[in-house]
Amino acid sequence: MRRKIGDRRIRPRFDIVGDLWGTLETVLRLPLRNVSRGGALIHSHVALPSQSVHRLAFQANGQDLSVPVKVTHVDTQVSADGERTYLIGVEFLSVQPALLELIDRWTVLGQGEAAGA
């Protein structure tokens with residue numbers, strides 16, 4: 001098979017006849033509204049399907065921790081200018097002890113700030 005000028009493909013391509021399903025993985029940085037030992041509430045511009053399973057990653061104090069989560073509820077929020085956003089509640093499915101310690105530290109810090117205010 002002779003390559004055309006300007007065609008930089010190294011391997012041959014094949015036409016797909018019909019539907020071929022695949023998956024696409026993406027990473028979104030989403031702000032946490034609150035977090036507990038059992039789950040979290042996330043603010044998003046993208047709705048996630050209820051009962052779907054995802055991976056939530058935390059970066060704090062030089063640690064990268066991740067946990068599988070299941071979407072338990074999605075509440076639509078509409079701003080005054082008509083922009084739709086979503087509050088997404090997720091349940092932690094399998095929590096590492098290091099993540100529980102981090103959440104406990106955040107909780108203590110949050111209570112300290114509330115008491116000092």
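Numbers for residues simply follow the sequence, beginning at 1.
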Which residues pass the ring-ring contact (aromatic ring centres under 6.0 Å, His included) test with His73, not counting sequence neighbours? none

Above 12 or not: heavy atoms from other molecules or residues under 6.0 Å from CG of Asp15? no

A side-chain contact here means heavy atoms from C-beta on lying under 4.5 Å apart; do Glu101 and Gln96 qualify? no

Could you pull out the closest heavy-atom pair between Pro49 and Val71, with the gap in Å? O-CB, 3.5 Å

Decide whether Leu30 and Val74 are clustered together by the hydrophobic rule: side chain heavy atoms of Ile, Leu, Val, Met, Phe, Trp, Tyr closer than 4.5 Å, transitively. yes

Could you report the tightest heavy-atom contact between Gly89 and Leu41, atom names first, then the distance? N-CD1, 3.9 Å

Check whether Leu28 and Tyr86 end up in the same hydrophobic cluster, where Ile, Leu, Val, Met, Phe, Trp and Tyr are linked by side-chain heavy atoms less than 4.5 Å apart. yes

Find the distance between OG (Ser66) and CG (Asp64) and round it off to the nearest 0.5 Å. 8.5 Å

Just jot down the side chain to side chain contact (heavy atoms under 4.5 Å, CB included) partners of Gln77, sequence neighbours excluded, or say none. Asp75, Thr85, Leu87

Any heavy-atom pair between the side chains of His54 and Leu48 that's under 4.5 Å? yes

Residues in ring-ring contact (aromatic ring centres under 6.0 Å, His included) contact with Phe58, at least two apart in sequence or another chain: Trp106

Considering only heavy atoms from C-beta outward, does the side chain of Lys70 approach that of Val90 to under 4.5 Å? no

With a 4.5 Å cut-off on side-chain heavy atoms, are Val53 and Val69 touching? no

Using the side chain to side chain contact (heavy atoms under 4.5 Å, CB included) definition, which of the options Leu99, Asp104, Thr107, Val95 pairs with Arg37? Asp104

Cluster link Val67 to Leu93, ILVMFWY, side chain under 4.5 Å: no

From Phe92 atom CZ to Leu100 atom CG, the distance as rounded to the nearest 0.5 Å: 8.5 Å

Under 4.5 Å between any side-chain heavy atoms of Arg84 and His45, yes or no? no

